[in-house]
Visitor: 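Mind looking over this structure? Questions follow.
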Amino acid sequence: MRILVTGGAGFIGTTLCRRLLGLDHQVVCLDNFYTGRKQNIRQLLDNKNFELLEHDVVKPFDVDCDQVYHLACPASPPKYQRDPVYTSQICFNGTLNAIRCALNSNARFLLASTSEVYGDPEQHPQHESYRGSVNCNGVRSCYDVGKRIAESITCDFYRSKDLDYRIERIFNTYGMYMDPNDGRVVSNFICQALRGEDLTIYGDGSQTRSLCYVDDLVDGLISHMGGDYMGVCNLGNPEEITVKQLADIVIQEINPNLRSVYRTLPSDDPTRRCPDISIAKDALGWEPKVKLKEGLNKTIGYFKNQLSL
Ligand code: NAD
Ligand code: UDP
């Protein structure tokens, strides 16, 4: 198949492009390198089945293809808050353009949505039927509300134009091809520890996250895209830990002499987050396989390499 991956030079997109090439598909990676990196895909440029299209999804595009994985959007809080109006444009116009591109080719469309559509959840763990608790005028709104409108127009095009769609609500994912300067918790903690710096815990570190290794996540994306289940699906690892526990594990794995320091908690930072993955298990036969320590050690190896470049 010929497959379009928007945001293909980003953290998740790079692993996805590599995996699709390994399955002998032709891959068109559309990216404007807003948060992605050329070095992620440099080795792919010689592959005859790989094509790079440097383009901003906010402007219309048309790529003849069989499937569209729509990932283009900054995902790290400091990155999506840097230009929040642009983030909203990416979520709305970018998704609209990606859907139109899919419809022009009669292609299946997969939207990379997020657990952020649940906001600071009152229901735990979060099931797809939960409608969430989202602040619509806070610093995270450009992303949380942006992804909600992206889901909304995806379903509108299903109802009005029979768009063949899949929506993935992705929970915190980590692993190879993350940018060391990305600003998210796993990359911050590992890079701080590798540099011999204190680990910066925001707030008291009691907030929880559930961390999924990128290889597992990409398995889930490909399973959903290839399967019959049309609808919304949580993808994430239901093993929940506090941010403080994560800092302690990273310190233990890298250098037990390091310590954590406490910094101000950013506003609207969700208190708890953990996916209910019963739909993914039942409809896709998917569940994560990589244990946290195993994934962290692979990621530590990757960042060691990155920091020595
Ligand atoms: P990332 O920032 O590493 O990758 C995003 C990619 O999209 C980058 O290559 C970037 O350059 C590209 N991009 C951004 N704006 C663009 C634009 N206007 N035009 C073209 N390309 C553009 O982020 P990621 O972690 O790989 O996330 C990928 C997708 O998954 C995003 O849609 C994100 O919302 C979603 N997601 C990720 C996570 C996670 O934990 N990583 C969690 C929930 C949802
Ligand atoms: N966090 C932290 N220290 C950091 C970066 C993040 O304590 O250096 C916290 C952040 O406040 C949040 C959690 O770690 O509670 C996950 O943050 P991240 O930016 O990775 O993703 P989020 O789930 O907030 O979108």
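Order of appearance sets the numbers: ligands from 1, and atoms from 1 within every ligand.
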Visitor: Got a donor-acceptor contact below 3.5 angstrom from the S152 side chain to the R148 backbone?
Guide: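 A pair under 3.5 Å: no.
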Visitor: Decide whether an N or O pair under 3.5 Å exists between G10 and ligand 1.
Guide: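 Right, the criterion is met.
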Visitor: Looking at atom 14 (C) of ligand 1, what's its closest protein heavy atom, distance included?
Guide: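 It is C73 N, 3.6 Å.
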Visitor: Is the number of heavy atoms from other residues, nucleotides or ligands under 6.0 Å of N106 CG greater than 12?
Guide: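 No - once you tally the heavy atoms of other residues, nucleotides and ligands closer than 6.0 Å, there are 12 at most.
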Visitor: Under 4.0 Å from a heavy atom of V243: which atoms of ligand 2 are those, numbered in the order shown and with their elements?
Guide: 7 (O), 13 (C), 14 (O)
Visitor: Under 4.0 Å between a Lys/Arg side-chain N and an Asp/Glu carboxylate O for D219 and R19?
Guide: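 Yes, this pair counts.
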Visitor: Are D179 and K79 within salt-bridge range, i.e. N to O under 4.0 Å?
Guide: yes
Visitor: Counting non-hydrogen protein atoms only, what is the nearest one to atom 16 (C) of ligand 2? Give residue, atom name and distance.
Guide: R209 NE, 3.6 Å
Visitor: For atom 43 (C) of ligand 1, find the nearest protein heavy atom and state the residue, atom name and distance (0.1 Å precision).
Guide: I170 O, 3.0 Å
Visitor: I'd like to know if the side chain of T208 and the backbone of R273 have a donor-acceptor N/O pair within less than 3.5 Å.
Guide: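 A pair under 3.5 Å: yes.
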Visitor: Hey, looking at atom 7 (O) of ligand 2, which of F171, Y262, Y202 has the closest heavy atom?
Guide: Y202
Visitor: Under 4.0 Å between a side-chain nitrogen and a carboxylate oxygen: does that hold for R108 and D164?
Guide: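 A salt bridge is present here (some side-chain N lies under 4.0 Å from a carboxylate O).
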Visitor: For D276, does its backbone N or O pair with a side-chain atom of N234 as donor and acceptor, under 3.5 Å?
Guide: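 Indeed, once roles are kept as given, a pair shorter than 3.5 Å links the two residues.
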Visitor: Check for me whether the distance between the ring centres of Y213 and Y174 falls short of 6.0 Å.
Guide: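 For Y213 and Y174, the ring centres are under 6.0 Å apart.
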Visitor: Taking distance alone, with N or O pairs closer than 3.5 Å, would you say D182 contacts ligand 1?
Guide: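 In this structure, D182 places no N or O atom under 3.5 Å from an N or O of ligand 1.
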Visitor: I want to confirm something. Looking only at heavy atoms, which of N172, D204, V185 is nearest to atom 20 (O) of ligand 2?
Guide: V185
Visitor: In terms of side-chain heavy atoms, does Y118 have a donor or acceptor partner in Q123 at a distance below 3.5 Å?
Guide: no
Visitor: Report the nearest protein non-hydrogen atom to atom 22 (C) of ligand 1: residue, atom name, distance rounded to 0.1 Å.
Guide: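 Checking every protein heavy atom, the shortest distance to atom 22 (C) of ligand 1 gives N32 OD1, 3.1 Å.
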Visitor: Consider side-chain contact (heavy atoms from CB on, under 4.5 Å). Of S278, S210, C274, which one does P125 pass it with?
Guide: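 Of S278, S210, C274, side-chain contact (heavy atoms from CB on, under 4.5 Å) with P125 is met by C274 alone.
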Visitor: Report, as yes or no, whether the 6.0 Å neighbourhood of atom CZ on R131 holds more than 12 heavy atoms from other residues, nucleotides or ligands.
Guide: no
Visitor: Are any of the side-chain nitrogens in E54 or K38 under 4.0 Å away from the carboxylate oxygens of its partner?
Guide: yes
Visitor: Linking I/L/V/M/F/W/Y whenever their side-chain heavy atoms sit closer than 4.5 Å, directly or via other members, would V134 and I149 fall into one cluster?
Guide: no
Visitor: Return yes when Y86 approaches ligand 1 closer than 4.0 angstrom through a heavy atom, no otherwise.
Guide: yes
Visitor: Indicate whether any N or O donor in one side chain lies under 3.5 Å from an N or O acceptor in the other, for T271 and Q207.
Guide: no
Visitor: Any idea which atoms of ligand 2 are less than 4.0 Å away from a heavy-atom of I201?
Guide: 7 (O)
Visitor: Side chain or backbone, does D31 bring an N or O within less than 3.5 Å of an N or O on ligand 1?
Guide: yes
Visitor: I'd like to know whether CD of Q43 has more than 12 heavy-atom contacts from other residues, nucleotides or ligands below 6.0 angstrom.
Guide: no
Visitor: I need the nearest protein heavy-atom contact for atom 1 (P) of ligand 1: residue, atom name and distance, please.
Guide: T35 OG1, 3.7 Å
Visitor: Determine, considering heavy atoms only, which of G205, C191, P77, S206 sits nearest to atom 19 (O) of ligand 2.
Guide: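 The nearest heavy atom belongs to P77.
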Visitor: Measure from atom 24 (O) of ligand 2 to every heavy atom in R184, Q192, R140 and give the option owning the shortest one.
Guide: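 Comparing heavy atoms across R184, Q192, R140, the nearest one to atom 24 (O) of ligand 2 lies in R140.
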Visitor: Consider every N or O of G36 and every N or O of ligand 1, then say whether any pair is closer than 3.5 Å.
Guide: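 It does: an N or O of G36 is found under 3.5 Å from an N or O of ligand 1.
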Visitor: Do R18 and Y177 pair up side chain to side chain, a donor and an acceptor below 3.5 Å, judged on atom types alone?
Guide: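 Yes - a donor-acceptor pair under 3.5 Å links their side chains.
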Visitor: What is the nearest protein non-hydrogen atom to atom 33 (C) of ligand 1, stated with its residue, atom name and distance?
Guide: Y143 OH, 3.4 Å
Visitor: Evaluate whether atom OH of Y158 has more than 12 neighbouring non-hydrogen atoms of other residues, nucleotides or ligands under 6.0 angstrom away.
Guide: no
Visitor: With nothing but distance in play, are any N or O atoms of R37 less than 3.5 Å from an N or O of ligand 1?
Guide: no
Visitor: Looking at ligand 2, does E116 have a heavy atom less than 4.0 Å from it?
Guide: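 It does; at least one heavy atom falls under 4.0 Å.
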Visitor: Is any N or O atom of N172, backbone or side chain, closer than 3.5 Å to an N or O atom of ligand 1?
Guide: no
Visitor: Under 4.0 Å from a heavy atom of D56: give me the atoms of ligand 1 that qualify, with their elements.
Guide: 17 (C), 18 (N), 19 (N)
Visitor: Just which atoms of ligand 1 are under 4.0 Å from any heavy atom in I90?
Guide: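 In order of numbering, the contacting atoms are 15 (N), 18 (N).
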Visitor: Which ligand 2 atoms, with their elements, are less than 4.0 angstrom from a heavy-atom of R273?
Guide: 22 (P), 23 (O)
Visitor: Between S113 and ligand 1, which residue portion shows a heavy-atom distance shorter than 4.0 Å: side chain, backbone, both, or neither?
Guide: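 Backbone only.
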Visitor: What do we get for F33 next to ligand 1 when only non-hydrogen atoms under 4.0 Å count, side chain, backbone, both or neither?
Guide: backbone
Visitor: Give a yes/no verdict on whether any heavy atom in H55 is under 4.0 Å from an atom of ligand 1.
Guide: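 Yes.
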Visitor: Check each atom of ligand 1 against the heavy atoms of I12 and keep those under 4.0 Å away; list them by number with element.
Guide: 26 (O), 30 (O), 37 (C), 41 (N)
Visitor: Considering both backbone and side-chain atoms of L71, is one of its nitrogen or oxygen atoms within less than 3.5 Å of a nitrogen or oxygen in ligand 1?
Guide: yes
Visitor: Would you confirm whether the ring centroid of Y34 sits within less than 6.0 angstrom of the ring centroid of Y86?
Guide: yes
Visitor: Tell me the contacting part of K147 for ligand 1: side chain, backbone, both, or neither, using a 4.0 Å heavy-atom threshold, strictly below.
Guide: side chain
Visitor: What protein heavy atom is closest to atom 27 (O) of ligand 1, reported as residue, atom name and distance in Å?
Guide: A75 CB, 3.7 Å
Visitor: Salt bridge check: are E51 and R2 linked by an N-O gap of less than 4.0 Å?
Guide: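 Salt bridge: yes.
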Visitor: What protein heavy atom lies closest to atom 11 (O) of ligand 2? Include the residue and the distance to one decimal.
Guide: D269 OD2, 2.7 Å
Visitor: Could you tell me which atoms of ligand 2, counted from 1 in the order shown, lie closer than 4.0 angstrom to a heavy atom of Q207?
Guide: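 Those of ligand 2 that fall under 4.0 Å from Q207 are 9 (C), 11 (O), 15 (O).
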Visitor: Mind checking whether L30 has an N or O less than 3.5 Å away from an N or O of ligand 1?
Guide: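 There is no such contact.
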Visitor: Look at atom 3 (N) of ligand 2 and say which protein heavy atom is nearest, naming residue and atom and giving the distance to 0.1 Å.
Guide: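 Looking only at protein heavy atoms, the one closest to atom 3 (N) of ligand 2 is T200 O, 2.6 Å.
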Visitor: May I ask you to check whether R184 has an N/O atom sitting below 3.5 Å from an N/O atom of ligand 1?
Guide: yes
Visitor: Between E116 and R140, is the closest basic N to carboxylate O distance under 4.0 Å?
Guide: yes
Visitor: Would you find a donor on one side and an acceptor on the other, under 3.5 Å apart, between the side chain of N97 and the backbone of V57?
Guide: yes
Visitor: Report yes if some N/O of V57 lies less than 3.5 Å from some N/O of ligand 1; otherwise report no.
Guide: yes
Visitor: Does some non-hydrogen atom of A9 fall short of 4.0 Å from ligand 1?
Guide: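 Yes, that is the case, since the closest heavy atom of the residue is under 4.0 Å from the ligand.
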Visitor: If you have a sec, work out which protein heavy atom is nearest atom 8 (O) of ligand 2 and how many Å separate them, to one decimal?
Guide: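 Answer, as residue, atom name and distance: N188 ND2, 2.8 Å.
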